[in-house]
Amino acid sequence: MLAHIGCSNSAGGSGGGPTAKTIDLSTVTADTVVADGFTITGTLANKVKISIADGATITLKDVTINGTDSDSYKWAGLTCAGDATIKLEGTNTVKGFWKYYPGLFVPKGKTLERLS
């Protein structure tokens, strides 16, 4: 199951439904695509894939994603679905879920911008 947080068929996240603007990773239980305008916080407690929607601007605030070095989980710590912008606040640690995958993946031909 794939949750689209912030989209019309949104689900999950500690803040509730589609009007919530903060996602606490400790409550995420399914692969999730994060939409524009959301802040992600907390420590990812489950082995799920977190993606950033194409064209989204999101904030990482005190996030910890410590992947599991296992070939059962072949994805990056954060995956951009296309072009994205990330604002960093606090201390953030993002690691991939297998030794061959990065903490942050941006598809070829796409861009990731960091806002300060």
Side-chain angles (χ1 to χ4, degrees):
M1 175 185 221
L2 180 66
H4 292 269
I5 299 187
C7 301
S8 59
N9 60 341
S10 72
S14 67
T19 60
K21 289 292 191 181
T22 301
I23 300 163
D24 181 348
L25 290 176
S26 69
T27 66
V28 176
T29 59
D31 291 355
T32 300
V33 178
V34 181
D36 186 52
F38 276 75
T39 297
I40 303 173
T41 65
T43 299
L44 187 62
N46 294 295
K47 295 173 181 81
V48 296
K49 183 176 181 180
I50 306 297
S51 299
I52 302 167
D54 186 20
T57 297
I58 64 149
T59 301
L60 297 183
K61 183 176 181 183
D62 298 318
V63 165
T64 301
I65 298 175
N66 287 322
T68 302
D69 189 14
S70 169
D71 65 356
S72 296
Y73 308 104
K74 295 181 179 178
W75 57 78
L78 280 174
T79 299
C80 295
D83 297 316
T85 302
I86 296 177
K87 181 178 179 185
L88 300 175
E89 294 182 4
T91 301
N92 297 283
T93 302
V94 180
K95 297 178 183 176
F97 279 82
W98 192 34
K99 62 186 171 188
Y100 300 113
Y101 287 78
L104 184 59
F105 174 76
V106 180
K108 184 176 181 177
K110 299 298 179 177
T111 61
L112 174 65
E113 181 180 352
R114 178 183 168 250
L115 297 178
S116 34

Spacing of CG belonging to Leu60 relative to CD1 belonging to Ile65, to within rounding of 0.5 Å: 7.0 Å
Main-chain N/O of Ala81 paired to Asp54 side chain as donor or acceptor, under 3.5 Å: no
Closest approach of Gly103 to Val94 (non-hydrogen atoms, all atoms of both residues): O-CG1, 3.0 Å
Check: Leu78 and Val63 side chains under 4.5 Å, non-hydrogen atoms: no
Candidates Val106, Ile86, Thr79 - the one meeting side-chain contact (heavy atoms from CB on, under 4.5 Å) with Ile52: Ile86
Ile50 reachable from Phe105 in the ILVMFWY side-chain graph, under 4.5 Å edges: no
Test item: side-chain donor near acceptor, Asp24 and Thr41, under 3.5 Å: no
Rounded distance [0.5 Å steps], CG in Asp36 versus CD1 in Ile58: 9.5 Å
Pairwise side-chain contact, Leu115 with Thr57, heavy-atom cut-off 4.5 Å (strictly under): yes
Polar side-chain atom of Asp83 near backbone of Thr111 as donor-acceptor pair, under 3.5 Å: yes
Spatial distance of atom CG (Asp31) from atom NZ (Lys49) [nearest 0.5 Å]: 7.5 Å
Nearest heavy-atom neighbours spanning Leu88 and Arg114: CD1-NE, 3.1 Å
Backbone of Ala30 reached by a side-chain donor or acceptor of Asn46 within 3.5 Å: no
Minimum heavy-atom distance between Thr22 and Phe38, given as atom pair plus value: N-CD2, 4.2 Å
Smallest separation among heavy atoms of Val34 and Ala56, with atom names: O-CB, 4.2 Å
Donor-acceptor contact below 3.5 Å, side chain Thr59 vs main chain Lys61: no
Atom pair CG/OG1 of Leu44 and Thr27 - distance to nearest 0.5 Å: 10.0 Å
Contact check, side chains of Val48 and Thr32, non-hydrogen atoms, under 4.5 Å: no
Asp69 (side chain) donor-acceptor with Trp98 (main chain) under 3.5 angstrom: no
